[in-house]
There are 2 protein chains.
Amino acid sequence: MDDSPPKTAPRKTTRIQKLNRKRILDAALEVFSSNGFRGSTLDMIAGEAGLSKPNILYYFDSKEAMHVALLNELMDAWLEPLEALNPDGEPLDELMGYVQKKMEMSRKFPRESRLFANEIIQGAPRMAPHLAKRLKPLFDAKATLLRKWMAEGRIAQQDAEHLIMSIWAVTQHYADFEAQLDVLIPKKEIAWRRASDHVEAIFRKLLHP
Amino acid sequence: MDDSPPKTAPRKTTRIQKLNRKRILDAALEVFSSNGFRGSTLDMIAGEAGLSKPNILYYFDSKEAMHVALLNELMDAWLEPLEALNPDGEPLDELMGYVQKKMEMSRKFPRESRLFANEIIQGAPRMAPHLAKRLKPLFDAKATLLRKWMAEGRIAQQDAEHLIMSIWAVTQHYADFEAQLDVLIPKKEIAWRRASDHVEAIFRKLLHP
DNA sequence: GATGTTTTTTACCGTTTGGTCAAGGCACGA
DNA sequence: TCGTGCCTTGACCAAACGGTAAAAAACATC
């Protein structure tokens with residue numbers, strides 16, 4: 001008698017759903033990262049995605065939902081390099097590798113960097129939970145690891161927490177303040193190598209035991 | 001016969017004008033710096049200033065005019081420490097003094113820092129002229145000065161342009177990403193001294209000949 | 001090719017936004 | 001104290017905003 005679909009109907013996601021959700025999130029990343037949340041409109045995102053406004057609201061409940069989905073999707077990838085710091089590796093190599101990976105991400109994924117930057121500058125209203133739940137524990141764990149390395153004399157004694165922060169500051173600056181960089185150091189092709197070498201020098205000198 | 005007011009009537013600014021313009025600009029700084037230009041509304045600014053919306057539009061032609069007035073008013077103060085780099089001083093002292101002054105500004109004037117940061121992250125649409133006309137020449141001049149000091153062997157050889165950029169990156173990070181700092185390093189009172197000491201160590205090690 | 005479902009569109013709604021306008025309140029010099 | 005010009009306000013726009021309803025279109029499955 002019960003010919004209704006099962007309560008927990010899997011409702012498999014179609015190929016169109018997967019495609020369009022991706023198109024929308026990519027458009028949202030583009031728009032949010034260069035306008036901030038409040039400065040972005042559904043029309044902008046729809047236009048960027050090549051879909052109508054009601055159509056993107058068919059896939060996401062609201063503008064806020066798109067933003068949350070973006071943060072959830074990108075947070076892990078963003079933290080992966082820090083997560084990958086290997087306690088059993090050679091400390092200086094591990095840290096310089098981390099610095100290089102962060103520089104590479106600033107070059108390849110500036111939109112992601114700016115998405116987070118916009119959010120944090122404006123007080124992290126929608127990201128506070130992410131920061132406290134995902135970032136803080138990882139940050140504390142890696143700071144502890146750095147202190148252990150310092151205690152063992154394998155890298156120079158520095159403030160572990162502020163060391164991590166300064167790596168973020170210098171590397172992400174190249175993505176977040178790209179507009180300024182373009183005005184001040186226009187020769188694009190070689191600028192990234194110069195930047196990379198300079199940042200490498202900063203932290204190599206700082207950490208040399 | 002000609003009892004009309006002189007063509008170039010000075011139209012002296014009244015004390016009320018001076019007071020209210022200041023109140024509005026201060027409110028605008030507060031609002032723009034924590035919401036970005038597009039994310040800020042005239043109602044927010046009016047509310048913050050304790051004036052009505054039509055009233056603030058009596059003193060400034062438009063939202064954009066407030067933003068431009070703010071940038072013009074703050075740009076000079078913002079660049080003063082760099083400007084003050086003394087070619088005849090002791091290079092390492094001059095540079096470490098600059099670093100310390102920038103840290104102090106991040107602590108005392110985070111709103112100004114965030115105002116600029118918001119604008120540049122979003123592509124500097126309203127600040128491009130300022131960057132090219134005010135910042136670029138100063139930046140080039142000081143980079144040249146740094147190269148001279150390096151050639152004389154008075155500070156270590158580094159990429160002059162990227163050295164300036166990394167000083168900005170590290171120092172302004174403490175103002176722009178304050179929300180993140182609060183989550184990761186909560187103990188406010190001593191954090192600023194730790195930050196200051198750490199930043200000092202970075203550039204002292206980097207620049208030591 | 002009929003049928004049920006998913007996707008897209010058209011038209012629309014209530015609210016917020018930047019900005020205007022005319023009229024009234026107020027200060028201040030004559 | 002009177003008038004003139006500065007200051008302030010309430011009422012009001014048109015456009016843009018986030019979001020909804022319902023029907024049309026496209027699609028998949030048989």
Side-chain angles (χ1 to χ4, degrees), chain A residues 3-28 30-32 34-70 122 125-126, chain B residues 3-32 34-70 118 122 125-126:
Chain A
D3 55 350
S4 69
K7 253 74 170 178
T8 57
R11 242 73 188 106
K12 72 169 172 191
T13 53
T14 69
R15 106 201 117 80
I16 297 184
Q17 274 170 21
K18 239 190 340 195
L19 172 75
N20 281 350
R21 263 192 241 273
K22 200 175 208 164
R23 281 170 66 183
I24 292 169
L25 282 183
D26 188 69
E30 179 71 28
V31 173
F32 282 141
S34 54
N35 298 96
F37 181 78
R38 290 216 45 187
S40 303
T41 73
L42 290 176
D43 285 309
M44 289 181 193
I45 298 173
E48 185 75 28
L51 298 172
S52 68
K53 183 169 66 172
N55 203 175
I56 67 175
L57 284 166
Y58 170 76
Y59 291 99
F60 291 91
D61 286 345
S62 65
K63 181 177 154 184
E64 180 122 18
M66 294 177 206
H67 198 260
V68 170
L70 259 187
Q122 304 188 0
R126 271 163 292 275
Chain B
D3 54 350
S4 68
K7 252 73 169 180
T8 57
R11 242 73 186 111
K12 72 170 173 191
T13 53
T14 69
R15 111 203 114 79
I16 298 184
Q17 273 169 23
K18 236 187 347 192
L19 172 75
N20 281 352
R21 263 191 242 272
K22 200 174 207 164
R23 280 171 67 184
I24 293 169
L25 283 183
D26 188 69
L29 173 59
E30 179 71 28
V31 173
F32 282 142
S34 53
N35 298 95
F37 181 78
R38 291 217 44 187
S40 303
T41 73
L42 290 176
D43 285 310
M44 290 181 193
I45 298 173
E48 184 76 27
L51 298 171
S52 68
K53 184 168 66 171
N55 203 9
I56 67 175
L57 283 167
Y58 170 77
Y59 290 99
F60 291 91
D61 287 344
S62 65
K63 183 179 156 184
E64 180 122 18
M66 294 176 206
H67 198 261
V68 170
L70 258 188
N118 260 310
Q122 305 188 1
R126 272 163 290 276

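Throughout, a chain's letter reflects where its sequence line sits, starting with A, and its residues are numbered from 1.
Protein atom CD1 of I24(B) is 12 Å distant from nucleotide atom C1' of dT8(D), rounded to whole Å. Between D61(B) atom CG and dC21(C) atom P there is a gap of 13 Å when expressed in whole angstrom units. Taking atom NZ of K63(A) as the reference point, atom P of dG19(D) lies 8 Å away to the nearest angstrom. Taking atom CG on N35(A) and atom C1' on dA16(D), their separation rounds to 15 Å, with Å as the unit. Protein atom CG of N55(B) is 13 Å distant from nucleotide atom C1' of dC26(C), rounded to whole Å. Rounded to an integer number of Å, the gap from L19(A) CG to dT8(C) C1' is 14 Å. Rounded to whole Å, the distance from CG on L42(B) to C1' on dA16(D) is 14 Å. Counting to the nearest Å, the P atom of dA24(D) and the OH atom of Y58(A) are 18 Å from each other.
Ranking dT8(D), dT7(C), dA11(D) by closeness to the I16(B) side chain, first place goes to dT8(D). In the set dT7(C), dC6(D), dT17(C), dC6(D) carries the atom at the smallest distance from any side-chain atom of Q17(B). Listed candidates were dC21(C), dT9(C), dT7(C). Nearest to the side chain of P54(B) is dC21(C).
When heavy atoms are screened at a 4.0 angstrom cut-off, Y59(A) is found touching the sugar-phosphate backbone but no base atom. Within the 4.0 angstrom heavy-atom criterion, only backbone atoms of the sugar-phosphate kind lie near T41(A); the bases stay farther away. Among the atoms of the strands shown, base atoms are found under 4.0 Å from some heavy atom of L57(B).
In this model, the phosphate group of dG18(D) is not approached by any side-chain N or O of R38(A) to a distance below 4.0 Å at OP1 or OP2. Regarding contacts with the backbone of dT8(C), a side-chain N or O of N20(A) is found under 4.0 angstrom from either OP1 or OP2. Between S52(B) and dT9(D), a side-chain N or O to OP1/OP2 separation shorter than 4.0 Å is present.
Contact check for L42(A) versus M66(A): side-chain heavy atoms found under the 4.5 Å cut-off. Using a 4.5 Å heavy-atom threshold, the side chains of R38(A) and R38(B) count as separate. Using a 4.5 Å heavy-atom threshold, the side chains of L29(B) and L25(B) count as separate. Using a 4.5 Å cut-off on side-chain heavy atoms (C-beta onward), N118(B) and F32(B) make no contact.
Remark: the K53(B) side chain and the dG18(C) base include a donor-acceptor N/O pair separated by less than 3.5 Å.
A side chain to side chain contact (heavy atoms under 4.5 Å, CB included) with L19(A) is found for one member of R21(A), R23(A), K22(A), Q17(A) and no other, namely R23(A).
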